[in-house]
Amino acid sequence: MNIKDLSVILVEPSLTQRHIITQLLSELGISYIETFSNGTEALQALPVNKPDLVISDYNMPEMNRQELVDTIRQESGQPGLPILMVTSEPNQNRLAAVQKSGVSAICDKPFTTETIQHLLQQILQEQ
């Protein structure tokens, strides 16, 4: 699949970060991006939207990152759905635990369009 053809659900509590990430994805040619401020809202949209990728912040209200990943992997009907976790979390032990939990990739904030493009290409090759 081509990056431009991706359907993306973005889960990011910060309105500013949602705009920044949406802009970066748009620069890559991705036109279908649905944004949510928390994991609960995003999970409700999964069965309807059937996205190709979920991009989620590490720190979220209402549902933590592990609950989101577990629910996608076990209950969404899309257990292989790629999940890109974006974070400014400095604790490497926590990040290692998240990586083992079933995310496809982790990206440190702030990031560039090139960084996201590289990670998306990597994720798509693994599909």
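Predicted model only: the values in this text are computed from it and were never measured.
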Looking only at heavy atoms, what is the nearest atom pair of [X] and [Y], with distance?
X: Q121; Y: I3; value: CG-CD1, 3.5 Å
X: L46; Y: V54; value: CD2-CG2, 4.2 Å
X: K4; Y: L28; value: CG-O, 3.4 Å
X: S104; Y: R73; value: OG-NH2, 4.0 Å
X: L119; Y: C107; value: CD1-CB, 3.5 Å
X: N38; Y: P61; value: CB-O, 3.7 Å

Do [X] and [Y] come within less than 4.5 Å of each other through their side chains, counting heavy atoms only?
X: T115; Y: D108; value: no
X: E27; Y: L24; value: yes
X: S7; Y: D52; value: yes
X: H19; Y: T16; value: no
X: M85; Y: V69; value: yes
X: L53; Y: I30; value: no
X: I21; Y: F111; value: yes

Less than 3.5 Å apart, any donor N or O on the side chain of D57 or Q17 sitting next to an acceptor on the other?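 No, because no side-chain N or O of D57 sits under 3.5 Å from a partner of the opposite role on Q17.
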Between Q78 and I72, is a side chain to side chain contact (heavy atoms under 4.5 Å, CB included) present by the stated rule, with each step listed? CA-CA 7 Å; Q78 292 182 273; I72 289 172; 5.5 Å; no
Would you check, one step at a time, whether the test side chain to side chain contact (heavy atoms under 4.5 Å, CB included) holds for Y32 with N49? CA-CA 10 Å; Y32 187 82; N49 298 349; 3.7 Å; yes
Quick one: [atom1] on [X] to [atom2] on [Y], what's the gap to the nearest 0.5 Å?
X: L120; Y: L25; atom1: CG; atom2: CG; answer: 7.0 Å
X: E12; Y: L15; atom1: CD; atom2: CG; answer: 9.5 Å
X: I55; Y: I83; atom1: CD1; atom2: CD1; answer: 11.5 Å
X: R18; Y: T35; atom1: CZ; atom2: OG1; answer: 5.5 Å
X: S56; Y: N64; atom1: OG; atom2: CG; answer: 10.0 Å
X: M63; Y: T40; atom1: CE; atom2: OG1; answer: 4.0 Å

